[in-house]
Protein chains: 2
Amino acid sequence: MQQAMIDGMETPDDLGYGRGDATPRQLRAQFGRLLGMAATHSSRTLGEALAEIGARKYHFAVLASLDEFGPSSQAQLSDRTGIYRSDLVATVNELAGDGHVRREADPADRRRNVVSMTPAGDERRRQIAEVLARTNDAILAPFDPAEREQFAALLHRLNDHLAPRGKW
Amino acid sequence: MQQAMIDGMETPDDLGYGRGDATPRQLRAQFGRLLGMAATHSSRTLGEALAEIGARKYHFAVLASLDEFGPSSQAQLSDRTGIYRSDLVATVNELAGDGHVRREADPADRRRNVVSMTPAGDERRRQIAEVLARTNDAILAPFDPAEREQFAALLHRLNDHLAPRGKW
DNA sequence: TACTAATGTTTGTTGCGCTAACGAATATAG
DNA sequence: CTATATTCGTTAGCGCAACAAACATTAGTA
């Protein structure tokens with residue numbers, strides 16, 4: 001919709017139309033905004049770095065899970081990564097399409113698939129881990145080790161508080 | 001005692017098929033994930049609190065901006081809040097629909113609109129600020145004042161590093 | 001006057017988190 | 001053994017925030 005009424009009113013033409021790109025204090029003070037901005041930016045930075053090698057976060061989550069727990073059903077992967085089962089389908093599709101995982105029917109329970117990591121997948125995992133580490137380091141550049149530790153500890157505590165169940 | 005209807009059964013929990021909802025370490029260690037989880041949760045918590053009064057974050061951003069800088073063009077609001085111009089259209093639509101802001105054509109420059117806050121809008125701003133403060137406090141419950149300060153400082157530094165231009 | 005730039009708007013895309021529904025397979029109760 | 005419930009993978013789609021692109025209108029400027 002739009003306004004058709006242009007019955008020009010007073011509207012002082014000398015209002016503070018200065019070049020103002022200052023962020024309002026009431027906004028700058030919002031903790032949630034600080035958090036959101038930081039997350040948005042780092043998420044984007046990480047996402048772009050991963051995109052350069054054709055990967056996505058979910059890929060790493062699944063590969064890391066397989067690395068630590070071995071062949072798993074998709075339900076297990078979902079539980080461990082926090083990725084919804086519906087989204088896992090696409091993720092496993094992509095990984096399987098690239099030959100990084102194998103998806104086979106479980107003979108013991110024909111409802112489930114056994115997803116296992118291939119050697120190529122393990123290499124992929126290492127590659128992604130490296131990209132993540134490097135990017136992460138760039139993101140945390142302004143902080144010394146103690147501060148990073150501190151930062152991470154605060155976030156851990158916050159998450160424990162917000163998601164007591166461990167999941168997310 | 002599981003039934004061995006179909007023979008060839010092995011323990012259903014064999015081959016590492018244990019009940020595992022443990023998050024892989026490689027994931028838990030990712031700073032970006034920590035940040036993302038925290039942001040997702042607090043954002044959701046805040047969003048739900050705001051939804052209870054029919055408000056959204058963008059509303060507060062615009063109202064706060066108008067409160068501090070007075071009547072502004074949408075471009076200015078965009079600059080100051082970080083909300084994209086395309087998204088601002090809808091935000092101003094909503095606020096205007098509720099009588100919280102007025103959108104009038106600027107007689108001095110017919111390209112732009114002058115958005116100004118109404119008395120009802122100012123009251124709305126206070127209401128939202130209160131909800132935000134309360135919710136924020138709940139989110140940060142596990143932290144003492146010093147820690148909150150610290151947390152905010154870290155986030156500020158991170159944001160300055162990630163978005164040196166102040167914008168986002 | 002012609003070019004350039006700013007403004008508001010519409011439209012659409014992407015990634016992520018999430019819900020609903022469903023068929024197939026399996027487990028459990030009666 | 002049968003009826004019911006539950007699990008698993010899958011498809012489809014919603015909602016939201018961030019963002020890109022194009023466009024008409026209007027202003028400034030060479």
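A, B, ... follow the sequence lines: proteins, then strands. Residue 1 opens every chain. Quantities reported herein were computed from a predicted structural model and do not represent experimental measurements.
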> Which part of the nucleic acid does A:Ser43 contact within heavy-atom distance under 4.0 Å: base, sugar-phosphate only, or nothing?
nothing
> At under 4.0 Å between heavy atoms, what does B:Asp87 touch on the DNA or RNA strands: base, sugar-phosphate, or nothing?
base
> Can you tell me how far apart CG (B:Leu154) and CZ (A:Phe143) are? Round to the nearest 0.5 Å.
5.5 Å
> At under 4.0 Å, does any side-chain N or O of A:Tyr58 touch on OP1 or OP2 of C:dG15?
no
> Could you check whether A:Glu104 and A:Asn113, counting side-chain N and O atoms only, form a donor-acceptor pair closer than 3.5 Å?
no
> Think B:Tyr84 has a side-chain N or O under 4.0 angstrom from the OP1 or OP2 of D:dA18?
no
> Has A:Asn113 got a side-chain N or O lying under 4.0 Å from the OP1 or OP2 atom of D:dT10?
yes
> How do A:Ser86 and B:Arg56 order along DNA chain D: which one's closest nucleotide is nearer the 5' end?
A:Ser86
> DNA chain D: A:Ala75 or B:Asp109, which has the more 5' nearest nucleotide?
A:Ala75
> Can you check whether A:Arg110 has a side-chain N or O nearer than 4.0 Å to OP1 or OP2 of D:dG9?
no
> State whether A:Arg44 places a side-chain N or O below 4.0 Å from either non-bridging phosphate oxygen (OP1 or OP2) of D:dC19.
yes
> Charged N to carboxylate O below 4.0 Å: is that the case for B:Arg126 and B:Asp122?
yes
> To the closest 0.5 Å, what do you measure between CZ (B:Arg33) and CG (A:Leu155)?
13.0 Å
> Measuring to OP1 and OP2 of D:dT10, would you say a side-chain N or O of A:Arg112 lies under 4.0 angstrom away?
no
